[in-house]
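Here is the naming used below: chain letters follow the sequence lines, and residue numbers restart at 1 for every chain. Note: hydrogens, waters and symmetry copies are ignored here, and every other heavy atom, side chains too, is used.
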Number of protein chains: 2
Amino acid sequence: MNKKPFLNYINRYIHLTIEEENLLFSKIIERNYLKDQYIVQQGDTCKTVNFIISGCTKTFYMNTDGQEHIVGFSIEDWWTSDLGSFITQTPADFNVQCLENTKLFQFTYDNLEELYEEIPKLERLFRKITERAFVASQKRIIRNFSLSAKERYQIFKTTYPKIEQRVPQYMIASYLGITKEFLSKIKSQMTQER
Amino acid sequence: MNKKPFLNYINRYIHLTIEEENLLFSKIIERNYLKDQYIVQQGDTCKTVNFIISGCTKTFYMNTDGQEHIVGFSIEDWWTSDLGSFITQTPADFNVQCLENTKLFQFTYDNLEELYEEIPKLERLFRKITERAFVASQKRIIRNFSLSAKERYQIFKTTYPKIEQRVPQYMIASYLGITKEFLSKIKSQMTQER
DNA sequence: GATAAAAGTTAATCTAGTTTAACTTCATTT
DNA sequence: AAATGAAGTTAAACTAGATTAACTTTTATC
């Protein structure tokens, strides 16, 4: 178990003693998923929050006529879960599926509750992480309302250049809230403009 | 200073001793704003997070050609701020303006940082509040992509019946991401269907 | 290296929602 | 109670993006 990436990550927010680090890692489960496997399925209760060591996931909602709406992608050094399902321990609205073979550090609900008691600093860690995630989510809502599909695509490209290269176009279209055909049109427009 | 509504609110998440309560309230500033006054202005750094005792606010983004995009409304027992600006202490993306005379409990950045040190339970409180806000924000993104304007309006009406009655229609249209003219059309459709 | 399946492209047609503009209703001030 | 302005309505013309469908390119499989 290579603890480095996760320690580097949490050190951006809090500092733990050696004892705390050991306690923390004693409750983390390392797990590997294969490409296409599901970490969470819509309707199941989400059992874990997951830190990605390597790999890539998509979080999506599938509506009744089988249309897939992508809420987000996650890669190394970020989290993946259905947080709503996890915190309330009720059925998930979203699916989380691996787009590559993916290695995770998993926190189960009970383990995380115990850790919050044992290492109160972790409350701060997750408070700060969630604050940032919330702010990003609010900004995305406004962008979706106030910008055209082309502008949103350009922002996506500059904000998440790594993700753009790892994920098929039709999923990016879904993330942007447009059809794959329209994204294709936007891209051909953009090459002509150059 | 009537502490009851705020104490009832936080008791849903954490329990404080009398000493902790006293310390908490010693750092809360009660403040009244008049209708139309700004609590935060786009470009300024947001100095406070604010719990609403009475009144109503809107949070909105104003784009370069003066178009207003409403991120959200807040009423009694909820929070209002530009959280992104507050946590990073950088210029705000959003405006927060009172739609009614509004009474707030304000936490300044420094007071809140001190309180986190003095009452670690508050980290848990704000972690949980932010988790819920993030989950709601994610669900809104999906609804905006997967539902028609009419469906979104119907959900708004049932989810926030109190807000619908206190806020002008053109602001609700902005919140839903549509024009006031189109909301008007939706409403007339809905009355004809009955 | 042939074949099939998945991903991406192009173009015609269509529609949900926008824009513009004139009009009505309601609230506020004098 | 008249006058002004803000909020809401209606309808015609318009457009960003969806839908449908045929086609091409890439990737995976035998």
Taking B/Glu76 as the fixed residue, which of B/Lys162, B/Arg166, B/Lys103 is the one that meets the salt bridge (Lys or Arg N to Asp or Glu O under 4.0 Å) rule?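 Of the listed options, the one satisfying the test is B/Arg166.
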
Evaluate the ring planes of B/Trp78 and B/Tyr9, with Trp represented by its six-membered ring, and classify them as parallel (under 30°), tilted (30 to 60°) or perpendicular (over 60°). perpendicular

Between the axis at one end of the helix from C/dG1-D/dC30 to C/dT30-D/dA1 and the axis at the other (five pairs apiece), what's the angle to 10 degrees? 50°

Could you tell me the boundaries of the chain B footprint on DNA chain C, defined by atoms under 4.0 Å from its heavy atoms? C/dG17 to C/dA21

With a cut-off of 6.0 Å (strictly less than), are more than 12 heavy atoms of other residues, nucleotides or ligands near OH of A/Tyr13? yes

Would you say A/Tyr160 has more than 12 foreign heavy atoms packed within less than 6.0 Å of its OH? no

Within the side chain of [X], is there an N or O that forms a donor-acceptor pair under 3.5 Å with the backbone of [Y]?
X: A/Ser74; Y: A/Thr57; result: no
X: B/Thr102; Y: B/Cys56; result: yes
X: A/Asn50; Y: A/Thr80; result: yes
X: A/Gln97; Y: A/Lys58; result: no

Would you check if the distance from the ring center of B/Tyr175 to the ring center of B/Phe73 is below 6.0 Å? yes

Counting primed atoms plus P, OP1 and OP2 as sugar-phosphate and everything else as base, spell out the protein contacts along nucleotides 16-21 of chain D at 4.0 Å heavy-atom distance: B, S or - for each nucleotide, 5' to 3'. -BSBBB

Group every Ile, Leu, Val, Met, Phe, Trp and Tyr by side-chain heavy-atom contacts under 4.5 Å, then state whether A/Ile53 and A/Leu112 land in the same group.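 Yes; A/Leu112 is reachable from A/Ile53 via cluster members.
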
